[in-house]
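Reviewing the structure listed below.
Predicted model, so just to flag it, every value in this text is computed and none were measured.
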Amino acid sequence: MRLKPYLALLPMLALAACASSGDYLLFHPENLIATQEWHATIVDTVVMMLVILPVLLVIVWFGWRYRAGANAKHDPDWSHNTALELLVWGVPLLIVGGLGWYTVKTLYAIEPYNPGLLQKQIAADPQNVLHVDVIATDWQWIFVYPQQKIATIDQLVVPQGAVVKFNLTSASVSNDIYVPQLLPMIAVMPGMRTKDTFDAPKLGQWTGFAADFSGAGFSWMQFDTKIVSPADFTAWVQKAAASPDQLSYATFQKLAQPHANIGAKISYFSNPDPQLFDKVVAAAQAGVVYPVSAALTKSIASNETEK
Amino acid sequence: MAHQAAPDANTRLFAPGFAGHSQISARTLGFWLYMLSDALLFTALFAAYAVLDTPMNAAGGPIASQIVNPVEGFWQTIAILGSVTAYSLATVALKTGNRAGVMLGIVAAMVLAVVFLGFGFNDLATLTAQGNGMDRSGYLSAYFVLILTHAIHMLFGLIWMLVMLVQIPRDGFNEMVVARLLNLRMFWQFQATVWVCVYIYVYMIGA
Amino acid sequence: MQVHVPGPWSPLFGRLTLDQIPYNIPILQYTFAGAMLAAIVVVGAVLYFKKVGYFWREWLTTVDHKKIGVMYIVIGLVMLFRGFADGLLIRTQQVLANGPNAPGYMGAQHGFLPPFHFDQVYSAHGTIMILFAATPILTGFQNIVVPLQLGARDMAFPYMNALSLWLTAGAAGLVMLSLFVGDFSAAGWVGLIPLTELPYSPSTGVDYWMWAIQISSVGTTLNAINMIVTIVEMRAPGMTWFRMPIFSWTTLSTNIIGLTAFPVLGVALALLGADRYLGTHFFTAGMGGNLMLYTNLFWLWGHPEVYFLILPVFGILSEVVPTFCEKPLFGYVTMVAASFAIAGVSWVVWLHHFFTMGAGPDINGFFSVATMLVGIPTGVKVFNWAFTMYRARITYTVPMLWAMFGLFLLLAGGLTGMMLAIPAVNYTVHDSVFVIAHFHCMVLLVVAAAFAGVSYWFPKVFGFRLDESWGKAFFWTFSIATLIVFTAMFALGFEGETRRLDWTFNTAWKPMLVVEEIGMILYVISLACFALMLVFSIVNRKKNAAGPDAWGTSRTLEWLTPSPVPFYNFAVTPQVNTRDELAWRRKHGLDKAQPEHFEAIHMPSNTGMPFVIGMLAAVWGFAMIWRIWWLAAISLTALIVCVIIRSFYKNEGYHLQPEEIAAMERDLALGSVVSEQPDRSHHHYSHVEAH
Amino acid sequence: MAGSHSDPLAHPEVRMGGAMRYIAGFISTVALMGAALIVTLRHDMGYETYVEVVGGLAALALLSQAVLFYGLDISRAQIWKSVSLILTVPLFIITVGLTVWMFQSLDQRTMVMPNSAAAATQPTLLQ
């Protein structure tokens with residue numbers, strides 16, 4: 001039994017050793033929002049450790065000191081001490097009070113619709129806000145850039161320094177969008193419109209993905225996320241705008257038919273229907289669904305599809 | 001533990017002849033707890049109704065004020081309150097062991113309940129015939145299911161009353177029959193309580 | 001108004017067709033062969049030893065709370081094994097299906113499970129573990145222990161107790177049946193909406209999930225009523241509220257939750273059922289439905305449900321720790337207060353399960369702070385157990401080891417729970433495996449306490465202790481496996497892995513996925529230790545035979561009566577003088593005192609009706625799942641008729657005469673087993689008092 | 001069990017009822033509902049006042065049922081029923097209240113109302 005605490009420490013050490021590696025995506029936030037959330041994780045852990053570590057030590061110490069056969073003092077009736085009982089209520093109360101205050105404070109800083117953290121940046125340069133409409137289908141991500149008049153499947157490209165504002169909806173079932181280093185999760189729901197906001201301070205490339213289960217093709221719902229220089233962004237927009245495929249609502253209806261995009265292949269579209277997002281929301285509210293047949297559910301991503 | 005007394009000559013370790021609890025009390029308490037759980041069921045339905053009672057959830061179909069009639073609801077209120085009062089008066093007859101009185105009260109309660117249910121089912125049938133059935137919109141789904149859940153409770157109460165009408169002459173007022181009569185009184189009263197909430201919330205405030 | 005369902009439908013068989021039997025899936029072939037083999041062995045043994053009558057008389061028709069409790073725990077352990085097998089499949093799939101170049105086996109693109117099968121496996125894993133493993137096991141303990149702790153003869157409603165059991169059993173049977181007839185839900189144990197709506201889940205999987213939960217939760221609600229009335233009405237004379245053992249207190253608080261929360265789940269599922277069967281629009285995205293309404297109702301039950309599971313666990317720890325510390329529990333009154341504080345706060349925290357859905361910061365803030373409040377009473381409990389160990393004399397028996405491990409898991413789960421309560425943190429890990437690791441800390445705390453309870457109360461029910469050395473081997477393998485699997489899972493959460501991935505696309509996750517798999521293999525070894533523990537315990541049962549007070553240091557009334565407990569519990573109802581009555585009697589040398597004379601005891605008769613009703617409920621569920629309307633109508637009518645017939649029974653039980661009790665108590669003192677009731681089927685009517 | 005020896009008709013819950021009490025319960029509830037109906041039909045107060053008045057009348061009706069019909073009090077026979085009812089009332093308020101509060105905020109932030117006539121073919125801009 002005295003081995004146990006050490007055993008518990010071993011994996012923690014292993015975790016600490018690995019923490020420096022880039023695989024721990026949440027340890028490496030790449031923008032203000034994600035950094036704030038990572039700080040909250042650290043603050044919470046440190047504050048909680050103030051109480052958890054002593055309790056752990058007390059349990060180990062008592063458990064060793066008062067084991068049978070250790071000849072320690074045995075007091076078979078001691079079961080009450082008013083001061084101690086006040087303490088055991090008081091300490092958690094203080095911790096919860098402190099953390100509660102901190103939580104409410106951070107809540108407004110990272111509020112997805114209008115984060116306090118980015119207020120200054122938006123006010124300083126309102127032109128530098130990039131609007132992207134995000135539509136989840138079964139099982140792909142469609143990004144519509146209304147200002148740039150382009151759309152993509154499974155690729156999100158953002159100019160460095162911009163603040164990105166998402167409108168999100170789904171054509172079929174609910175989902176969550178997630179880029180661990182940049183974009184915390186937010187729900188994507190059919191017939192409803194959620195919003196999310198994040199900043200893009202550093203160049204780089206990341207994988208974004210669906211986080212909330214949405215059916216058989218869910219595991220294959222990744223999208224490529226890039227932050228590029230403004231010049232590269234303009235070039236990229238021009239490339240996409242040159243695409244002969246145009247994203248009309250009729251085209252969208254075909255795209256939204258359930259199928260898994262295995263390998264997350266990227267497609268570009270020019271001239272998306274300017275009201276595409278609204279039409280998708282309105283259609284879902286009017287009861288339009290993209291049903292998944294039982295046969296498709298059973299065969300998707302199995303070898304049967306290739307026959 | 002520090003305050004524990006040491007055993008003395010008066011200390012008893014066993015309680016021979018311990019009478020235990022009363023069966024009737026245990027049964028009525030148990031049934032009362034079931035009713036509180038049933039109340040939570042209606043609570044969830046009310047919460048669902050409250051969420052779905054917006055013009056948006058009517059999805060172009062009728063909204064509350066177009067389908068409910070507070071005046072007709074008032075007649076229903078009188079019918080159901082009359083029914084529970086008739087049943088309650090039956091349990092007053094129970095005090096003297098008056099079988100005919102108890103059974104008469106139950107029959108009166110059943111007749112009034114059928115009147116109440118007749119109004120309700122007629123409303124739902126009319127709506128459905130107009131194409132405004134429960135599958136028309138989120139709002140109508142909530143309305144129908146709330147009303148139907150209450151009506152199904154009432155139907156079970158009616159079956160229960162029929163059973164009692166057989167058991168009273170067969171068994172007399174033994175412990176089990178009395179416990180069932182008392183529980184049924186709570187159950188029946190509970191339907192009126194739920195109806196008061198439905199009437200106020202759906203028929204008046206909602207409309 | 002009946003909605004159109006895709007695929008064939010016939011009046012006679014509903015949606016059931018031959019190709020719904022998945023005979024061509026290899027894994028299911030093996031499972032089926034294994035299940036059939038086990039069934040043949042069990043049924044064959046029962047027939048060979050001519051025990052059919054015994055099973056019917058002593059188990060299937062019993063109304064004895066101890067036997068019902070044992071059956072609950074057996075069902076729970078079987079389902080725990082099934083859930084574990086599902087967990088093993090999930091972990092193995094994720095290791096095999098890691099990275100773009102992961103090969104596919106047995107018809108899958110990656111790994112060996114195609115998504116549709118994988119999704120069923122993880123949905124079944126969650127549903128089974130929470131509702132058909134943890135819940136029955138804990139209910140079983142409450143059934144066995146609470147009446148004994150209170151000094152009562154039985155539960156308040158023995159007949160309804162059996163009914164609760166058989167409803168749960170019927171529902172568990174439906175879940176198992178979904179393996180071989182049709183499929184199970186592929187939309188998560190929470191029933192992700194609108195994925196569970198007909199267009200997105202056209203098969204009968206969601207219906208299996210929905211009706212099985214619905215039927216079992218009726219059983220749970222009835223059981224909650226029974227427990228509360230038992231505790232309120234049936235305490236032995238002298239047992240005032242503040243002399244009641246903590247396990248009974250936590251049972252009371254947990255069943256208050258059960259009583260009030262399960263109806264809300266019933267409504268959530270019934271409204272989903274209305275959508276699927278009647279074409280309503282409660283939770284559809286269109287036509288005025290509101291899909292978050294489902295999530296709201298589900299978690300309105302779902303979060304209290306967490307405490308519904310955790311509170312009895314706290315009760316078990318509060319019994320085990322003082323027994324093996326040879327000291328009373330520190331801070332009894334605050335412990336009671338904390339239990340009720342947890343039950344109360346559990347009702348205002350549910351929204352923390354969907355912080356990310358887009359509600360405003362004031363709403364998230366309210367539910368966040370409310371959630372943190374739960375940390376206060378939970379912290380109090382941990383402190384109280386720690387201080388119980390102060391100036392104690394601790395014996396590290398198997399139950400105590402499990403309890404210590406439970407404390408450790410509670411600290412880990414508490415730390416991460418506080419993180420998840422902060423929306424700023426929650427947004428980054430909301431749907432990641434970090435959440436999975438967190439709540440597995442909590443449900444493995446349930447498992448740890450369950451095994452603590454099994455080893456602690458086993459001698460009370462069966463008259464001999466479990467084998468200590470194999471028990472320790474089981475404990476160490478299991479707890480180390482837990483540390484390995486879930487430390488790796490926390491790491492994966494920080495690596496950004498999300499839940500329910502059939503194909504784990506990021507190759508950087510591979511090392512930790514392999515670590516998890518190693519832990520799973522250790523779990524398999526620990527299961528072998530568990531089986532060997534049972535075998536050696538039965539072989540050595542004479543050596544490990546236990547007296548009334550099996551541990552010599554127990555403190556509560558259940559240890560006053562012989563082990564195994566005679567079916568009438570106490571020959572004479574004990575008079576309670578203080579809290580921790582048995583410890584007090586032992587201290588003053590009164591624990592061996594016997595009653596001077598016996599009086600007649602009134603006992604309820606066995607009845608097959610609860611079994612019949614439970615099975616009818618399962619048939620009705622099956623008929624509803626497959627939309628076989630005639631069968632549904634017949635089974636529902638039969639069920640109602642059975643309830644009515646039962647109300648016409650005149651048999652009010654029988655009286656056990658003083659001389660019979662005296663004889664049985666003599667036999668017990670000599671060490672022979674009298675847990676079987678005398679056969680009263682022929683003459684019990686003679687004992688019914690006339691009115 | 002052992003209590004089954006006594007006369008079931010002597011049980012306190014059987015003795016509790018009284019004809020006058022039940023009739024009073026009937027009359028008071030019908031009168032309160034009637035008053036609510038009149039208030040509703042007259043339509044002469046602001047919505048919030050109206051909800052308060054009708055809600056108050058409903059609360060009185062429920063209270064009169066609790067006392068006159070259910071006979072709830074703090075006697076030994078009824079105390080646990082009264083206690084459990086009092087403990088359930090907050091759950092009702094929490095469940096309905098917090099749910100409504102939450103959905104009001106959520107609907108505002110996520111439910112964008114399309115012009116229903118144009119929805120199918122020509123949805124209006126939603127922002």
Heavy-atom distances under 4.5 Å only: say whether B:M176 touches chain D with side chain, backbone, both or neither. neither

To the nearest 0.5 Å, how far apart are CG in D:L91 and CG in B:L40? 5.5 Å

Nearest heavy-atom approach of D:P8 to B:V178 is CB-CG2, 3.9 Å

Could you give the distance from CZ (D:R15) to NZ (B:K95), rounded to the nearest 0.5 Å? 6.0 Å

Please flag which part of D:F103 lies under 4.5 Å from any non-hydrogen atom of chain B: side chain, backbone, both or neither. side chain

State the OH-OH distance between D:Y22 and B:Y87, to the nearest 0.5 angstrom. 10.0 Å

Please flag which part of B:F190 lies under 4.5 Å from any non-hydrogen atom of chain D: side chain, backbone, both or neither. both

Is it the case that over 12 heavy atoms from other parts of the model lie below 6.0 angstrom from the CH2 atom of D:W101? yes

Check whether more than 12 heavy atoms from other residues, nucleotides or ligands sit under 6.0 Å from atom CZ of B:F121, and answer yes or no. yes

Among D:L57, D:T99, D:L85, which residue has the highest count of heavy-atom pairs closer than 4.5 Å to chain B? D:L85

For a side-chain contact (heavy atoms from CB on, under 4.5 Å) check, start with the C-alpha distance between B:F46 and D:T95, then their side-chain angles and the critical distance, and finish with the verdict. CA-CA 9 Å; B:F46 273 114; D:T95 305; over 6 Å; no

Do D:K81 side-chain atoms and B:L29 backbone N/O form a donor-acceptor pair below 3.5 Å? no

What pair of heavy atoms forms the shortest contact from B:G82 to D:F26, and how long is it? N-CE1, 3.3 Å

Is D:L41 close to chain B through its backbone or its side chain, or both, or neither, when contacts mean heavy atoms under 4.5 Å? side chain

Between B:V92 and D:A19, the two heavy atoms sitting closest are CG2-N, 3.7 Å

For D:R76, look at atom CZ and say whether over 12 heavy atoms of other residues, nucleotides or ligands are found less than 6.0 Å away. no

Within the structure provided, determine whether B:F74 and D:V30 are in side-chain contact (heavy-atom separation under 4.5 Å). yes

Over all atoms of both residues, closest heavy-atom pair of D:A58 and B:I200: CB-CG1, 3.5 Å

Side chain from CB out, backbone as N, CA, C, O: work out which of these in B:I24 comes under 4.5 Å of a heavy atom of chain D, or both, or neither. both

Where does B:L33 contact chain D at under 4.5 Å (heavy atoms): side chain, backbone, both or neither? side chain

Toward chain B, the part of D:L62 with a non-hydrogen atom under 4.5 Å: side chain

D:L72 portion near chain B, given a 4.5 angstrom heavy-atom threshold: side chain

For D:M33 and B:M204, which heavy atoms make the closest approach, and how far apart are they? O-CE, 3.8 Å

Drop me the distance from B:T77's OG1 to D:L32's CG, to the nearest 0.5 angstrom. 12.0 Å

Nearest 0.5 Å, please: how far is OG1 in B:T43 from CD1 in D:I93? 10.0 Å

Could you tell me if the side chain of D:L9 sits less than 4.5 Å from the side chain of B:L94, heavy atoms only? yes

Would you mind checking which part of D:V100 comes under 4.5 Å of any heavy atom in chain B, side chain (CB onward), backbone (N, CA, C, O), both or neither? side chain

Heavy-atom distances under 4.5 Å only: say whether B:V177 touches chain D with side chain, backbone, both or neither. neither

Looking only at side-chain N and O atoms, does D:T40 offer a donor or acceptor that is under 3.5 Å from a partner on B:Y203? no

B:T193 and D:Y70, any side-chain heavy atoms less than 4.5 Å apart: yes

Residue B:I78 versus chain D: region with a heavy atom under 4.5 Å: both

Do you know the tightest heavy-atom contact between D:A61 and B:V196? CB-CG1, 4.2 Å

Side chain, backbone, both or neither: which part of B:Y199 has a non-hydrogen atom closer than 4.5 Å to chain D? side chain

Straight-line distance of B:L81 CG to D:Q65 CD, nearest 0.5 Å: 6.0 Å

Quick check on D:Q108: does its CD atom have over 12 non-hydrogen neighbours (other residues, nucleotides or ligands) under 6.0 Å away? no

What option among B:V71, B:T96, B:V51, B:L89 has the most heavy-atom pairs under 4.5 Å with chain D? B:V51

Counting heavy-atom pairs under 4.5 Å to chain B, which of D:F69, D:F92, D:Y50 comes out on top? D:F69

Going by atom types alone, do B:S25 and D:H11 pair a side-chain donor with an acceptor below 3.5 Å? yes

